[in-house]
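First the structure, in the form of structure tokens, and then the observations on it.
By convention in this document, chain letters (A, B, ...) are assigned in the order of the sequence lines, proteins followed by strands, and residues within each chain are numbered from 1.
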Amino acid sequence: MPELPEVETTRRGITPHLLGQTIKSIVVRQPKLRWPIPGVISTLKRLKIKSIKRRGKYLLFETSKGTLIVHLGMSGSLRIVNETTPVEKHDHVDLCVSSGVILRYTDPRRFGAWLWTEDDPLTHKLIASLGPEPLTDEFNVEHLVALAKGRKIAVKTFIMNSHVVVGVGNIYANEALFQAGIHPERAAGRISKKRYAVLVTCIKTVLTRAVEQGGTTLKDFVGGDGKPGYFQQSLQVYGRQGEACCQCGNALSELRLNQRATVFCTVCQS
DNA sequence: CCCTGAACCTGACCGC
DNA sequence: TGCGGTCAGGTTCAGG
């Protein structure tokens, strides 16, 4: 479900309900996620939530004692509910705070994660090796060119690699490459610096716009405040295979790249 | 180190 | 209606 804009939309939606609150209990109904939820999480209580940050697609709930690291995987979502909200089939975790508010984690496919660390979360194994945030100056053309040197992988695979840059998933990789006019299968090491400069700008633009519009709702994604995202109206290639390219009118093509749907225009992208 | 494909899971949808 | 196959917004890991 979530790429960077959806995770950021979730973060913004839930933060006002949780910031400064004290954890009353964490109820784990199904511990089998990507990794088993550590038993210690069920024992956490009387910890104040000091901040809710995002690193890539990870949400970091910093408390007075340690940090909850939450990833939504492919189908996960977080919603603010209350004690009277009925628990449904895939509602695996509830984080209950003193105001009575509940942060409820739902994840049918269970590719997500709930982890706990008492160290600096940025040194955590899963987070320490991540590439730069795409919306900061750390993500720039020099960075991309340096990492791409000599690489033969498709540029789409390259920009979806979280060690290269975080937050770019399948939807926004397709969109950014279309806007940059770059063929998704082009070898990462065979793209000029000039074209990478355009790609950097396109990635920043598409992610920024998607965040502004509350993310993309394909199935039933809603931010923590229950509102859907509106960016799907702005998608120019994702999910539009066979339809007319908005720039040239040609039918958009589709192929599979690392088992992921890849949609592009053979006229506008090379 | 680099690259590819499998694996983790459930549900929706499509064709027979 | 049922069954099998395919696909879905992510990421790690094994193996070549």
Side-chain angles (χ1 to χ4, degrees), chain A residues 1-11 29-37 54-59 69-78 88-93 105-115 124-131 134 146-177 185-190 203 206-207 210-211 213-223 228-235 237-242 254-263:
Chain A
M1 164 198 294
E3 300 183 38
L4 184 147
E6 292 73 40
V7 177
E8 179 61 20
T9 298
T10 297
R11 190 189 71 79
R29 299 186 194 83
Q30 168 58 278
K32 292 182 192 167
L33 303 186
R34 179 71 206 273
W35 297 280
I37 298 181
R54 179 187 58 71
R55 177 73 177 96
K57 297 172 190 166
Y58 294 90
L59 286 169
I69 302 174
V70 176
H71 195 288
L72 303 180
M74 201 81 144
S75 58
S77 62
L78 289 167
E88 305 205 45
K89 189 172 179 186
H90 300 294
D91 294 344
H92 306 314
V93 185
Y105 174 73
T106 307
D107 187 359
R109 294 178 73 181
R110 292 191 270 120
F111 290 170
W114 277 64
L115 301 169
H124 189 278
K125 184 188 170 206
L126 293 172
I127 294 178
S129 62
L130 292 177
L147 285 188
K149 190 169 167 40
R151 306 279 296 269
K152 291 180 178 170
I153 49 166
V155 61
K156 175 165 179 260
T157 309
F158 179 64
I159 60 171
M160 287 179 68
N161 180 345
S162 62
H163 301 294
V164 173
V165 56
V166 296
V168 182
N170 198 39
I171 294 179
Y172 301 111
N174 278 300
E175 295 299 315
L177 287 168
E185 283 183 299
R186 178 170 284 276
R190 313 218 42 181
I203 289 172
V206 74
L207 292 177
V211 169
Q213 294 177 53
T216 299
T217 296
L218 291 183
K219 293 201 175 71
D220 52 4
F221 170 79
V222 288
Y230 293 96
F231 193 73
Q232 68 277 12
Q233 298 167 11
S234 305
L235 298 176
V237 287
Y238 184 84
R240 297 194 61 237
Q241 58 277 14
E254 181 180 28
L255 54 79
R256 311 231 122 232
L257 214 43
N258 298 87
Q259 303 124 257
R260 309 300 237 104
T262 303
V263 187

**OP:** Count the heavy atoms of every other residue, nucleotide or ligand shown that sit under 6.0 Å from CZ of A/Arg29, and state whether that count exceeds 12.
**Re:** yes

**OP:** Tell me, with the steps shown, if A/Glu185 and A/Leu255 meet side-chain contact (heavy atoms from CB on, under 4.5 Å).
**Re:** CA-CA 10 Å; A/Glu185 283 183 299; A/Leu255 54 79; 3.3 Å; yes

Original post:
Just by modelled atom types, is the A/Arg260 backbone N or O under 3.5 Å from a matching donor or acceptor in the A/Thr262 side chain?
Top reply: yes

Original post:
So, does A/His92 use its side chain to make a donor-acceptor pair with the main chain of A/Tyr105 at under 3.5 Å?
Top reply: no

**OP:** Taking A/Arg186 for its side chain and A/Val155 for its backbone only, find out whether a donor-acceptor pair lies under 3.5 Å.
**Re:** no

Original post:
How long is the span from the CG atom in A/Leu257 to the CG atom in A/Asn170, to the nearest 0.5 Å?
Top reply: 9.0 Å

Subject >> Integer-rounded Å distance: C/dA8 P and A/Gln241 CD >> reply: 9 Å

Subject >> Rounded distance (Å) that lies between atom P of C/dG10 and atom CG of A/Leu33 >> reply: 17 Å

Original post:
What interatomic distance, in whole Å, is found between P of C/dG9 and the corresponding atom of B/dC13?
Top reply: 16 Å

Subject >> Any donor-acceptor pair under 3.5 Å from A/Arg54 side chain to A/Gly56 backbone >> reply: yes

Between the protein and nucleotides 8-10 of chain B, list the N/O to N/O atom pairs that are separated by less than 3.5 angstrom.
residue, atom, partner, partner atom, Å
B/dC9, O3', A/Arg110, NH2, 2.9
B/dC9, O2, A/Arg109, NE, 2.9
B/dC9, N3, A/Arg109, NH2, 3.4
B/dT10, OP1, A/Arg110, NH2, 2.8
B/dT10, O4', A/Pro108, O, 3.3
B/dT10, O3', A/His90, NE2, 3.3

Would you list the protein and nucleotides 2-5 of chain B atom pairs, both N or O, that sit under 3.5 Å from each other?
residue, atom, partner, partner atom, Å
B/dC3, OP1, A/Lys152, N, 2.6
B/dC3, OP1, A/Ile153, N, 3.4
B/dC3, OP2, A/Arg151, NE, 2.4
B/dC3, OP2, A/Arg151, NH2, 3.0

**OP:** Measure the distance from OH on A/Tyr172 to C1' on C/dA8 and round it to the nearest whole Å.
**Re:** 15 Å

Subject >> Closest nucleotide among C/dA8, C/dG10, C/dG9 to the A/His71 side chain >> reply: C/dG10

**OP:** Scan A/Ala261 against the nucleic acid and name what it touches under 4.0 Å (heavy atoms): base, sugar-phosphate only, or nothing.
**Re:** sugar-phosphate

Subject >> Side-chain (A/Asn174) to main-chain (A/Val237) donor-acceptor, under 3.5 angstrom >> reply: no

Original post:
Do the side chains of A/Pro134 and A/Val166 get nearer than 4.5 Å, heavy atoms only?
Top reply: yes

**OP:** Quickly work out the A/Asn174 CG to C/dA8 C1' distance and round it to whole Å.
**Re:** 13 Å

Subject >> Whole-Å P distance, B/dC9 and C/dC13 >> reply: 15 Å

Original post:
Quantified in whole Å, what is the P atom distance between nucleotide C/dT6 and nucleotide B/dA6?
Top reply: 13 Å

Original post:
Would you say A/Tyr238 and A/Val263 make side-chain contact, with heavy atoms under 4.5 Å?
Top reply: no

**OP:** Figure out the CZ/P separation between A/Arg256 and C/dG5, and round it to whole Å.
**Re:** 17 Å

Original post:
Are the side chains of A/His124 and A/Leu115 in touch, meaning some heavy atoms are under 4.5 Å apart?
Top reply: yes

Original post:
Reckon A/Arg260 has a side-chain N or O less than 4.0 Å from the OP1 or OP2 of C/dG10?
Top reply: yes

**OP:** Using modelled atom types only, decide if a donor and an acceptor are shared between the side chain of A/Gln30 and the backbone of A/Asp91 within a distance under 3.5 Å.
**Re:** no

**OP:** Map A/Leu126 and A/Glu254 onto DNA chain C by nearest heavy atom, then report which one ends up closer to the 5' terminus.
**Re:** A/Glu254

Original post:
A/Asp107 CG to C/dT11 C1': how many Å, rounded?
Top reply: 13 Å

Subject >> Donor-acceptor under 3.5 Å (A/Glu6 side chain, A/Thr216 main chain) >> reply: yes

**OP:** Tell me the stems DNA chain B sits in, counting at least three consecutive Watson-Crick or G-U wobble pairs, each under 3.5 Å on both distances.
**Re:** B:2-8 with C:10-16, B:10-16 with C:2-8

**OP:** Between B/dG5 and C/dC7, how far apart are the P atoms? Round to whole Å, please.
**Re:** 15 Å

Original post:
A/Tyr58: what forms a ring-ring contact (aromatic ring centres under 6.0 Å, His included) with it, not counting sequence neighbours?
Top reply: A/His71

Subject >> Residues touching DNA chain C, which here means a heavy atom under 4.0 Å, drawn from residues 160-170 of chain A >> reply: A/Gly169, A/Asn170

Subject >> Residues which pass ring-ring contact (aromatic ring centres under 6.0 Å, His included) with A/Tyr172, listed by chain and number, not counting sequence neighbours >> reply: A/Phe231

Original post:
Rounded to whole angstroms, how far apart are CD1 on A/Ile69 and P on C/dT12?
Top reply: 12 Å

Subject >> Gap between atoms CD and C1', on A/Glu3 and C/dT11 respectively (whole Å) >> reply: 13 Å

